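Quick notes on the structure that follows.
Nothing here was measured: the structure is a model prediction, and the numbers come from that model. The figures that follow rest on heavy atoms only: side chains count, while hydrogens, waters and symmetry mates do not. Along the sequence shown, residues are numbered consecutively beginning with 1.
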Amino acid sequence: MSGGLILRHRKFGKTLASRQLDIPDYAASFVNYKALKKLIKSLGVGKTAFISPISPPLNDPQAALQANKATFFFRLERELEKVNAFYLQKEAELKLRLKTLSDKKDIIQSRSGTTSKVSATYITLREGFQQFEHDLSKLQQFVEINATAFSKILKKWDKSSKVRLGVAFW
């Protein structure tokens with residue numbers, strides 16, 4: 001029971017890093033939560049901030065907030081595009097695999113009198129569906145953890161900027 005408590009109180013960044021290790025072939029396509037979190041901190045949202053390292057600080061808090069908002073949401077949108085592009089690619093691959101497996105299943109069923117459930121063809125097909133299920137589960141985990149990451153990073157932005165922008169964006 002204490003294991004569940006540890007996971008509940010675990011920092012989300014650590015949970016995300018752990019999930020990336022669980023699905024290494026997806027790792028580069030997860031939202032870069034750590035970089036977005038650092039960006040929020042570096043922007044000094046809510047204080048006098050810098051637009052860039054070479055520009056002078058903005059003394060107008062509203063102008064600083066607008067500049068920070070533009071910077072943050074630009075980076076957030078790039079992360080969303082990266083995650084979405086990867087998802088769409090994996091979705092297309094899975095659709096094609098499912099179609100191929102379904103076509104093979106139909107062929108096997110049409111020859112039902114000659115193929116038993118212990119034949120090599122049937123076993124290979126069953127293993128193909130099991131691998132498909134596993135890969136679909138990985139994609140579902142990818143979607144869920146990234147949705148949580150976007151939600152959490154928007155909450156951090158909201159808290160730091162003292163405005164409720166997250167609901168409008170998401």
(request) Would you please say whether a donor-acceptor pair under 3.5 Å links the side chains of Glu127 and Gln131? (result) no

(request) Answer yes or no: is there a side-chain heavy-atom contact under 4.5 Å between Ser29 and Tyr87? (result) no

(message) Nearest 0.5 angstrom please: Ile145 CD1 to Thr15 OG1, how far?
(response) 6.5 Å

(request) Check the surroundings of atom CD in Glu133: do more than 12 heavy atoms from other residues, nucleotides or ligands lie under 6.0 Å from it? (result) no

(request) Step through the shown structure and confirm whether more than 12 heavy atoms of other residues, nucleotides or ligands are within 6.0 Å of NZ on Lys138. (result) yes

(message) Test your reading of the model: is there a side-chain donor-acceptor pair from Ser102 to the backbone of Leu98, 3.5 Å cut-off?
(response) yes

(request) Quick one: closest heavy-atom pair of Ala35 and Arg75, and the distance? (result) CB-NH2, 3.7 Å

(request) May I ask you to decide if Val31's main-chain N or O and Glu79's side chain share a donor-acceptor pair within less than 3.5 Å? (result) no

(request) Give a yes or no on this: more than 12 heavy atoms of other residues, nucleotides or ligands lie within 6.0 Å of atom NZ of Lys90. (result) yes

(message) Between Ser18 (side chain only) and Lys14 (backbone N and O only), is there a donor and an acceptor less than 3.5 Å apart?
(response) no

(message) Looking at Arg78 and Phe74, would you say the former's side chain and the latter's main chain have a donor-acceptor pair under 3.5 Å?
(response) yes

(request) Please answer: with hydrophobic residues joined when any side-chain heavy atoms are less than 4.5 Å apart, are Leu96 and Leu88 in the same cluster? (result) no

(request) State, yes or no, whether a side-chain contact exists between Ser151 and Leu154 at a heavy-atom distance under 4.5 Å. (result) no

(request) Using ring-ring contact (aromatic ring centres under 6.0 Å, His included) as the criterion, list what pairs up with Phe132, not counting sequence neighbours. (result) none

(message) Measuring from atom OH of Tyr122 to atom NZ of Lys104, what distance do you get when rounded to the nearest 0.5 angstrom?
(response) 15.0 Å

(request) Would you mind reporting whether Tyr33 and Lys152 have side-chain heavy atoms less than 4.5 Å apart? (result) yes

(request) Assess the pair Phe86 and Phe30: is the distance between their ring centroids shorter than 6.0 Å? (result) no

(message) Less than 4.0 angstrom from a charged side-chain N to a carboxylate O is my criterion; do Asp135 and Arg97 meet it?
(response) yes

(message) Checking the side chain of Asn84 only, and the main-chain atoms of Leu80 only, is there a donor and an acceptor separated by less than 3.5 Å?
(response) no

(message) Could you check whether any side-chain N or O of Ser160 sits under 3.5 Å from a backbone N or O of Trp157, counting only pairs where one atom can act as donor and the other as acceptor?
(response) no

